[in-house]
Structure formats: structure tokens, C-alpha cells
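Values below: every heavy atom of this structure, side chains too, minus hydrogens, waters and symmetry copies. Letters A, B, ... mirror the listed sequences (proteins, then strands); counts begin at 1.
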2 protein chains.
Amino acid sequence: MKPATLRDVAAAAGVHPGTASRALNSATQNLVNRGTVARVIKVAAELGYQPNPIARSLKTSKTGTIGIVIPDLTNPFFPPIVRGIESILEPAGYSGLLVSTDGDLSRERTQVAALRARQVEGLIIATALLDHPLLEELGDMGVLTVMVNRRPHLTNAPSVIPDDAAGIRLAVEHLASLGHRRIAHLAGPANTSTGVARARAFQDAVADLDLVSDPRLIVTCKAWNEDAGAHGLRELLATSSDFTAVVAGNDLIALGCYDVFAERGIDCPREISVVGMNDMPFLDKLRPPLTTVAVPHRQLGEESARLMLDLLREPDRPIRSVTLPVSLVVRASTAVVSDMNIAARDRHR
Amino acid sequence: MKPATLRDVAAAAGVHPGTASRALNSATQNLVNRGTVARVIKVAAELGYQPNPIARSLKTSKTGTIGIVIPDLTNPFFPPIVRGIESILEPAGYSGLLVSTDGDLSRERTQVAALRARQVEGLIIATALLDHPLLEELGDMGVLTVMVNRRPHLTNAPSVIPDDAAGIRLAVEHLASLGHRRIAHLAGPANTSTGVARARAFQDAVADLDLVSDPRLIVTCKAWNEDAGAHGLRELLATSSDFTAVVAGNDLIALGCYDVFAERGIDCPREISVVGMNDMPFLDKLRPPLTTVAVPHRQLGEESARLMLDLLREPDRPIRSVTLPVSLVVRASTAVVSDMNIAARDRHR
DNA sequence: CTGAAAGCGCTAACAA
DNA sequence: TTGTTAGCGCTTTCAG
């Protein structure tokens with residue numbers, strides 16, 4: 001037998017469908033006689049009535065869905081963000097529609113179009129580039145958007161990001177306290193806000209702490225992954241091997257360094273110290289356990305969902321962006337400088 | 001300005017909305033004059049017409065969505081499955097609605113209800129227990145369901161699972177070829193098909209290879225995670241420490257072993273060898289790199305989506321289940337037995 | 001081949 | 001407080 005409709009409920013309760021609708025909807029319940037409300041609710045329960053959200057959407061042109069755009073679900077950075085988003089959306093009666101772009105702009109375009117076709121009420125975007133054509137279009141089209149983990153130029157959409165500058169400073173200070181003076185930075189891609197913010201923070205920290213500032217010590221990786229990290233470190237080793245530590249743009253880049261360590265027999269941390277960023281899962285079980293900067297992934301998601309909900313509920317409220325605090329997690333990929341480092345310098349030069 | 005509707009297109013093309021609908025829908029296009037089709041399509045493109053899927057769904061009662069039910073997105077096992085599912089669903093014009101249950105039956109219930117309320121056309125379920133009340137209900141209600149990674153009792157829904165038995169056998173054979181004779185098994189929960197299938201396969205392999213068969217060598221973990229794995233190994237160590245290798249129910253359980261190794265100063269693989277199962281990411285960077293059985297996660301997802309699509313398109317086709325081949329990945333957590341193992345026996349007893 | 005008309009299930013004016 | 005009416009945007013008979 002087919003699922004009960006509002007009409008069935010109304011008929012069984014002896015009222016008009018309109019009345020049944022009001023009785024079942026908490027916002028309009030107070031316009032209906034108490035007794036009637038009770039009766040309708042009771043009948044609805046008996047019939048196992050479930051409102052059809054499709055029909056409601058068609059009428060109200062509200063779907064109760066938010067699009068979530070991430071590069072790749074397979075990157076451990078994103079699942080906690082997604083969970084965070086959904087943990088806030090769900091109790092608010094919204095649900096998320098997830099798409100992966102694989103970092104491909106054209107795929108992103110079609111995915112976003114599909115989301116729009118499905119009438120999402122807003123978009124939470126984790127794939128933003130510093131200059132992102134699609135974002136501008138979205139802004140022009142009046143699509144509600146919040147950025148998570150990235151803060152692009154030229155858009156005043158709300159965003160929530162970790163405190164990149166503080167994180168990098170924590171990393172550099174940690175290394176400096178261990179006696180490192182020539183510290184390298186494997187920066188993330190220059191077209192991402194996180195990439196440039198972290199690189200800038202690195203330079204500032206190096207300057208403030210009076211460490212060696214040498215442009216050859218900063219290499220920009222093409223992507224936020226292991227391959228790019230490995231590539232970056234090889235480049236660094238080729239041009240200037242006299243550094244004793246590296247601050248990686250993120251954990252995956254740091255893992256790329258591990259690959260190079262293995263391939264060249266470099267002893268981490270005795271020859272080179274590394275610190276990552278993000279504190280993704282299982283880092284404590286690596287060889288060696290990776291020192292990193294923990295960013296509150298889940299909270300990143302939660303805050304972005306809250307921002308979205310605010311946007312939906314109070315469209316006129318001035319937009320705001322939030323920055324979340326980070327913390328240093330010291331493990332075993334960083335150590336005090338020693339003669340080993342000096343020896344390594346010559347060996348790998 | 002508001003998005004163009006079918007009416008707008010029809011008006012601009014000088015035809016009736018019904019005709020425009022037929023012209024735009026590939027299935028009914030052949031009922032319309034070629035020229036008219038062309039004109040309507042052209043006008044639609046000019047107006048940037050996007051059909052409203054909500055309205056279409058209301059009429060056809062097909063939503064083009066499939067619910068995907070997983071325990072936890074944060075477990076690295078699932079994202080590849082989800083990506084696999086979506087890679088098949090997407091080109092077929094369907095999209096997935098993802099929910100996480102956190103392994104909580106009541107939460108699962110509400111999540112599935114929400115999915116049903118959203119009128120999903122089918123459910124792909126990765127959370128199945130061996131005896132799963134909800135599944136039976138779903139079956140009774142005629143909800144299209146396919147199981148991925150699990151194959152419950154008492155349901156004839158299609159399923160796609162890795163070849164658990166072959167995987168365990170591969171692991172045991174590998175260990176046996178290294179000279180291990182007393183091999184322990186940290187089994188997954190007894191209420192999951194994977195847990196019991198693997199435990200049974202373990203016993204069979206031990207028997208077939210003439211290894212030491214001792215019930216105390218099999219400990220069942222309460223969950224598929226690190227804590228449960230650590231707990232299991234401690235129990236094993238307490239009751240019978242004279243094993244030289246352990247086959248873990250999955251990689252996370254194996255990681256739990258690593259925790260115990262660290263806490264007790266046990267040298268893996270020299271004192272105890274471990275093999276995991278699943279080959280989740282980054283295992284190659286652990287200390288030591290974990291030997292494991294690779295299961296084709298993504299393909300698991302792909303096949304389950306294909307099964308679902310078949311169910312949708314040919315409801316009368318006999319149901320079938322698929323089993324996917326697995327392979328052994330030898331890394332450094334397994335080694336030949338030696339005096340070390342003997343020494344360890346006494347030390348940890 | 002195309003137009004007309006009905007209606008999917010619900011909500012929101014407007015009346016009463 | 002409740003009933004009436006119209007219609008969200010689309011598909012799909014049924015005529016023509």
C-alpha cells in the first residue's frame with residue numbers, strides 16, 4: 001500500500017487538508033484549535049504519515065539541502081570537516097549534498113551546476129583557490145556561499161579557516177628552540193590562500209626569530225600531496241642542502257619528505273627535522289611519529305555550517321569570518337641540532 | 001531574474017509546454033517533429049533552462065537519489081567505497097545521499113528514515129550486522145537494498161564483499177612460509193559477517209596448513225578499531241603469549257597491536273609478526289610498514305552501485321552477489337621466526 | 001505530431 | 001479557527 005498523504009490524514013481526521021497541514025507544521029500550529037491539532041497528529045501517527053519533502057520543496061522552493069564541495073573525500077583532511085558540517089546541519093533540519101571535484105576546475109563546475117539544479121539553498125566550499133572564477137560567478141548569481149579552510153581574494157563570502165600564521169609560527173618557534181637556524185619551508189601551492197598565508201607566516205617567523213632567511217630555503221609545491229612534497233624536498237636538497245629542518249605546508253607534504261628520507265637513507269630527525277600541519281589521523285604511528293600542528297578539522301566544519309545557517313536565517317546580518325586556534329603537537333620527527341646535521345649537510349650536498 | 005521554467009521555453013519557442021517537455025526529454029524526443037525538437041533545444045539553451053528536478057520528482061516519483069549508509073566517514077576504509085559508488089551513480093544520472101550512523105542502531109534507524117523521507121530510490125548499506133533487524137524491515141517494505149562489504153544472514157539482498165576467506169588464507173600462508181606455527185587471530189566482532197567469515201577462514205587455513213590449532217589463540221575484538229585491537233592483544237598476551245604472529249581482523253586492529261608493542265617494548269616483527277587486512281592508506285609509512293591484505297575498496301563501491309542500478313532498471317532480474325579478489329601486500333611487519341621469538345615468549349609471559 | 005488538461009503532495013493567501 | 005482556492009514546475013494521458 002502506498003504511503004499516506006496529507007489528504008489521507010485530513011480525511012481520516014475529518015478536517016480539510018489545509019488544516020491538517022497547519023496542525024502538523026509547528027510554525028502554524030498555534031493557528032489551529034488545540035483539540036484539532038492533537039487529533040490530526042494522532043491520526044497522522046496512526047497512518048504512519050511522512051510528509052513528502054519533494055512536494056513541500058516544490059511549493060516553498062526550499063529544499064533543506066546544502067551543497068558541500070570538497071576536492072577529494074579520500075584525503076583524510078576532509079571527512080572530519082564533513083562530519084562537523086553535518087553535525088550542525090542535521091539538527092537544524094538541513095542535510096548536506098556532498099560532491100568531490102578532484103581538484104579539477106571543470107569538474108567542479110559541472111558538480112556545482114548539478115548541485116544548483118538540485119536546488120541547494122547554499123554551498124559550503126572547501127576547494128577555493130585564491131582567484132577563483134567560479135566563486136565570483138556564484139557571488140554574482142546570489143548563491144549563498146561559505147568557504148571552509150580557504151579564504152580567497154576578491155570575495156566577501158564568509159569563511160572559516162585555521163590560524164595558519166599562528167600554526168607556522170608555533171612550528172618555527174619549536175624548531176628554533178631546538179637550536180635550528182637554517183629552516184626550510186615546503187610551501188603549499190601559490191594559488192591557495194593557505195599556501196601563501198603559511199609561506200608568508202614562515203618568512204615573518206624566520207625574521208622575527210632572527211633565523212637565517214634565504215629565499216632558496218623556500219620551495220613551493222605544486223599540490224598538497226605526497227608526490228609534490230617529495231618533489232619539493234628533492235629540489236631543496238639539490239639547491240641548498242645546508243638546512244637542518246623543514247616546515248611542511250601540510251602533513252601530506254611532510255609524508256612526501258618521509259619518502260625521500262627513505263629513498264636517500266636520510267635519518268629523520270637526527271639529520272633533518274620535519275614538522276607537518278593538520279595532524280591528520282595515524283601520524284603517531286609513522287616512522288618517526290610526525291610533529292605537527294593540530295587544526296580543529298571538525299570544528300572547521302561545524303563553524304562553516306553555523307555560518308551557513310546564519311546566512312539562511314538572517315540574510316541581512318553582516319557577514320563575518322572566523323579563524324580557529326591551532327596547537328603544536330610535538331612527536332618524534334623533530335630533534336635538537338647536533339653534529340649529525342652537520343655531517344648530513346656534507347653527505348647530501 | 002528567476003531561472004527559466006519549461007513554460008518560458010515553450011512560450012519562447014512558440015509551442016505548448018507539453019511539447020517542449022517531450023522535445024527536451026530524450027526518451028520522448030522521437031514523438032516530436034525534428035525541427036521542433038531542434039528549435040526547443042536551441043531556445044532552452046539560450047534561456048539557460050535547467051529542468052527543476054524537484055518538480056520532475058513530484059510528478060514521476062523518482063528522485064534520482066540513492067542513500068549511502070556508512071558507519072563513519074572518518075574511517076579511511078569508507079571514503080574510497082563512497083567515491084566508487086558515486087563514480088558509477090553519477091554518469092547514470094543518480095546521486096548519492098550520504099549518512100553516517102556511528103555504529104549506533106538507533107541513529108541508523110533515524111538516518112534511514114530520513115533517507116526514506118527524502119524518497120531515495122534505494123539504499124546501499126555498509127553497516128550491516130549479521131542479524132540486522134532494520135534490514136529485514138527494509139526488505140519487508142520493499143526498499144531496494146544492496147549491502148557492501150557485509151553479507152548478513154536472513155536476507156537475500158544483493159551484496160558485494162571482498163573475498164575474506166582468500167585474504168585470510170593468503171595471510172596465514174605467508175606467515176607459515178616464514179616459519180610461524182603458532183599464529184593468533186584477533187577477530188572482528190562476532191556480529192559482523194566479515195568478523196565471522198575471517199575467523200572461520202583463519203581456522204580452516206590453520207587446519208589445512210597443519211599449524212597449531214588452539215582456541216586460546218583466537219580472541220574476538222569488540223569493535224573494528226585500534227582500541228579494541230589493543231585490548232585484544234593484551235588479552236592474548238595474558239592468556240597465551242607463546243604465539244609468534246598475529247593475523248588481525250583488519251588494519252585498525254593491527255594498529256592497536258602497534259600501540260601495545262610500543263607500550264610493552266615488543267619488537268615487531270622480530271618478536272611478533274603482524275598482518276592486517278584492507279590496506280588502508282599510509283600503512284607503508286608506519287613503523288614498521290604493515291604487511292596486509294589489499295581489498296579493492298573503490299571497486300567494492302563501484303560494484304555495489306552497479307548492482308543498485310541493475311535493481312532499479314530490471315527489478316525482475318534475479319539477484320546476485322559479487323565477491324571481489326584480494327591480494328597480499330608484503331611489507332615489514334612480518335619476518336621469519338627466529339630465536340628472538342622464543343626469547344620474547346618468556347619475556348612477555 | 002502537437003495541444004489541452006489534469007495532477008503529483010503540499011502550502012499559503014484569502015475568505016468565511 | 002477552519003475551509004477554499006490556487007499553484008509550485010513538470011510529465012503524461014487523451015484528444016485532435
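Between the CD atom of A:Gln119 and the C1' atom of D:dC8 there is a distance of 11 Å, given to the nearest Å. Taking atom CG on A:Leu24 and atom P on C:dT11, their separation rounds to 8 Å, with Å as the unit. Following rounding to the nearest Å, B:Lys59 (NZ) and D:dT12 (C1') show an atom-to-atom distance of 6 Å. The separation between A:Leu31 atom CG and C:dA15 atom P is 17 Å, rounded to whole Å. When the P atom of C:dT2 is taken as reference, atom CZ of B:Arg34 falls 12 Å away, rounded to whole Å. In this entry the distance linking CG of A:Asn30 with P of C:dA12 reads 14 Å, nearest Å. Between the NZ atom of A:Lys62 and the P atom of D:dG9 there is a distance of 14 Å, rounded to whole Å. Taking atom CG on B:Leu6 and atom C1' on D:dG7, their separation rounds to 16 Å, with Å as the unit.
Side-chain atoms of B:Leu58 lie closest to C:dC8 of the nucleotides C:dC8, C:dA12, C:dT2. Here the nucleotide nearest the side chain of B:Thr5, chosen from D:dG9, C:dT11, D:dT11, is D:dG9. Among the nucleotides C:dG9, D:dT1, D:dG9, the one closest to any side-chain atom of B:Ala55 is D:dG9.
Proximity of A:Met147 to A:Leu135: side-chain heavy atoms (C-beta onward) are separated by under 4.5 Å at one or more points.
Distances shown here put a side-chain N or O of B:Arg56 below 4.0 Å from the OP1 or OP2 atom of D:dT11. Considering only side-chain N and O atoms, A:Thr36 lies under 4.0 angstrom from the phosphate OP1 or OP2 of D:dT2.
Here B:Glu86 does not pair with B:Arg83 in a salt bridge; the nearest charged N to carboxylate O distance is not below 4.0 Å.
Side chain of A:Arg56 to main chain of A:Lys62: no donor-acceptor pair is present (N/O by atom type, distance under 3.5 Å, no hydrogens or angles). Counting only distance, with no hydrogens or angles, the side chain of A:Asn52 and the backbone of A:Ala55 share a donor-acceptor pair below 3.5 Å. Listed for the A:Glu121 side chain is a donor-acceptor partner under 3.5 Å among the backbone atoms of A:Gly64. Looking at B:Thr63, its side chain does come within 3.5 Å of a backbone N or O of B:Gln119 through a donor-acceptor pair.
Annotation for A:Asn149 and A:Pro162: closest pair OD1-CD, 3.6 Å, computed over non-hydrogen atoms.
A heavy-atom distance below 4.0 Å to DNA chain C is reached by these residues of residues 8-23 of chain B, ordered by number: B:Val15, B:His16, B:Thr19, B:Arg22.
A:Thr28 comes within contact range of no nucleotide atom at all, as no heavy-atom separation falls under 4.0 Å.
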